[in-house]
Amino acid sequence: MKSILAIYPGSFDPVTNGHLDLIERGTKMFDRLVVAVLQNLEKDPLFSVSERVAMLREATRPWPNVEVDIFDGLLVEYARRKKAQVILRGIRAISDYEYELQMALMNRKLEPGIETVFMMPAQAYSYLSSRLVKEIARLGGAVEGLVPTAVAERLKIKIS
Ligand code: PNS
């Protein structure tokens, strides 16, 4: 039987409950899921790659078919090296769609053998983003319920 490996790429600066919702859905759909953290961010990340990976590893411990990895360079090259068949991306709202469609089609042009699959997180997370979580934390707001407890604690320490 064919075993499907999906890559779920992103910045994860930091991982939110919306990402985890999507990861959980992905674990049910694919045999293996690699959460791949982009190393070379043009934007200045709040957390280092190793901090982001540590938070993801802790948060994804309940799912034995999830692996957390780091990638750099072209996503399709990384997916090819991993022998992945699928790139998984989340779409929260129509506003995500245009950018995601452009990326998916460009990735298909670069590597026609890899399919992008879009999944929707629970509606409760449709307004959630790492960017807003960081902004709320910086301004002293409560991030509980938006990110795992360990991430909320790290945010407090990072920002204080
Ligand atoms: O969490 P993000 O920031 O929305 O994730 C964006 C990501 C990492 C998926 C995207 O920037 C990416 O794939 N970068 C790797 C470089 C690449 O392959 N660029 C061409 C995309 S068509």
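Values below: all heavy atoms of this structure, side chains included; hydrogens, waters and symmetry mates excluded. Each residue takes its place number in the sequence, starting with 1. All figures in this text were calculated on a predicted structure; none of them were measured in a lab.
For the pair V68/F12, no side-chain contact is recorded, criterion being any heavy-atom separation below 4.5 Å from C-beta on. With a 4.5 Å cut-off on side-chain heavy atoms, P148 and N17 count as touching. With contacts defined as side-chain heavy-atom distances shorter than 4.5 Å, the pair M29/M119 qualifies. Under the 4.5 Å side-chain criterion, counting only non-hydrogen atoms from C-beta, Y8 is in contact with H19. Within the 4.5 Å cutoff, no side-chain heavy atoms of I7 are placed close to those of L88. Here the side chains of F47 and K158 are in contact, with some heavy-atom distance below 4.5 Å. Looking only at side-chain heavy atoms (C-beta outward), E115 and I87 stay at 4.5 Å or farther from each other.
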For residues 71-78, please give each side-chain donor-acceptor pair under 3.5 Å, one per line with the distance, not counting sequence neighbours.
unit_1	atom_1	unit_2	atom_2	d
D72	OD1	N40	ND2	3.4
E77	OE1	R80	NH1	3.3
E77	OE2	R80	NH1	3.1
Y78	OH	D69	OD2	2.6

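Look at E111 and R81 and you find no salt bridge, because none of the NZ, NE, NH1 or NH2 atoms lies under 4.0 Å from a carboxylate O. Under the 4.0 Å criterion applied to side-chain N and carboxylate O atoms, R92 and E100 are not assigned as salt-bridge partners.
The heavy-atom pair separating I114 from A84 by the smallest distance is CG1-O, 3.8 Å.
When the shell of 6.0 Å around CD1 of I94 is examined, it contains 12 or fewer heavy atoms from other residues, nucleotides or ligands. Atom CE of M120 has 12 or fewer heavy atoms from other residues, nucleotides or ligands within 6.0 Å. With a 6.0 Å radius and a threshold of 12 heavy atoms from other residues, nucleotides or ligands, R108 has its CZ atom at or below the threshold.
Take E58 and apply the side chain to side chain contact (heavy atoms under 4.5 Å, CB included) test, not counting sequence neighbours, and it matches R61, A150. Contacts of S48 classified as side chain to side chain contact (heavy atoms under 4.5 Å, CB included), with partners at least two apart in sequence or in another chain: S50, E51.
Taking hydrophobic clusters as Ile, Leu, Val, Met, Phe, Trp and Tyr residues chained together by side-chain heavy-atom distances below 4.5 Å, F118 does not share a cluster with L128.
Side chain of K134 to backbone of P14: no donor-acceptor contact under 3.5 angstrom is found.
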